[in-house]
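Structure record follows, encoded as structure tokens.
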Amino acid sequence: MDITLAHQLIIEVWCAFLFIKGGATVINSRLLKAKIVLSGYGMSEIAQSLGISKSSLWRKIYGKTEFKQNELLTLSKLLGISNISDIFL
């Protein structure tokens, strides 16, 4: 799914904000898992796209560790998330 340039810019600005404030510490895990299911990708595929292990992905989803800026960008593009602030607060 293609994300418009405007959506991509919003996502990049939000990711930069999260990076500056120290990362995405609050995550709407249910919404993120729903987006993953709806995308048709498996957890292994998502983890591989992010360059992390499946267990690392689970820890990030449940807020045990934080997503890096590049992971947020990749994840939002992969899942077609246009309003990243709904998931990463």
Side-chain angles (χ1 to χ4, degrees):
M1 173 182 239
D2 286 355
I3 297 176
T4 66
L5 184 58
H7 285 153
Q8 185 171 350
L9 190 57
I10 290 168
I11 290 167
E12 289 177 9
V13 168
W14 186 252
C15 287
F17 168 74
L18 290 173
F19 182 73
I20 289 168
K21 76 170 197 147
T25 55
V26 179
I27 297 173
N28 185 336
S29 298
R30 288 183 182 182
L31 183 55
L32 180 55
K33 288 187 293 184
K35 291 280 191 180
I36 291 171
V37 169
L38 291 173
S39 74
Y41 293 110
M43 295 303 282
S44 296
E45 294 169 301
I46 301 284
Q48 185 177 9
S49 295
L50 297 176
I52 61 176
S53 69
K54 192 173 163 183
S55 60
S56 292
L57 177 59
W58 279 111
R59 284 193 299 274
K60 290 172 187 277
I61 289 173
Y62 286 103
K64 303 294 182 195
T65 59
E66 295 180 348
F67 281 95
K68 297 177 184 173
Q69 184 178 8
N70 64 325
E71 294 168 343
L72 290 174
L73 284 170
T74 301
L75 192 60
S76 62
K77 289 176 186 176
L78 189 64
L79 301 179
I81 299 169
S82 58
N83 192 358
I84 197 166
S85 63
D86 287 344
I87 296 174
F88 303 101
L89 312 171

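Throughout, numbering of the chain's residues begins at 1 and tracks the sequence.
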From [X] [atom1] over to [Y] [atom2], what is the distance, rounded to the nearest 0.5 angstrom?
X: Lys77; Y: Leu72; atom1: NZ; atom2: CG; result: 11.5 Å
X: Ile46; Y: Leu79; atom1: CD1; atom2: CG; result: 4.5 Å
X: Lys35; Y: Tyr41; atom1: NZ; atom2: OH; result: 14.0 Å
X: Ile61; Y: Leu75; atom1: CD1; atom2: CG; result: 7.5 Å
X: Ser29; Y: Trp58; atom1: OG; atom2: CH2; result: 9.5 Å

Task: Ser49 to Thr74 - nearest heavy-atom pair and separation - done: O-CG2, 3.8 Å
Quick one: are [X] and [Y] in side-chain contact, heavy atoms under 4.5 Å?
X: Phe67; Y: Leu73; answer: no
X: Lys60; Y: Ile52; answer: yes
X: Leu78; Y: Leu50; answer: no

- [ ] Examine Val37 and Met43 and state if one hydrophobic cluster contains both, with Ile, Leu, Val, Met, Phe, Trp and Tyr joined whenever side-chain heavy atoms are less than 4.5 Å apart.
- [x] no
- [ ] Step through the shown structure and confirm whether more than 12 heavy atoms of other residues, nucleotides or ligands are within 6.0 Å of CD on Glu45.
- [x] yes
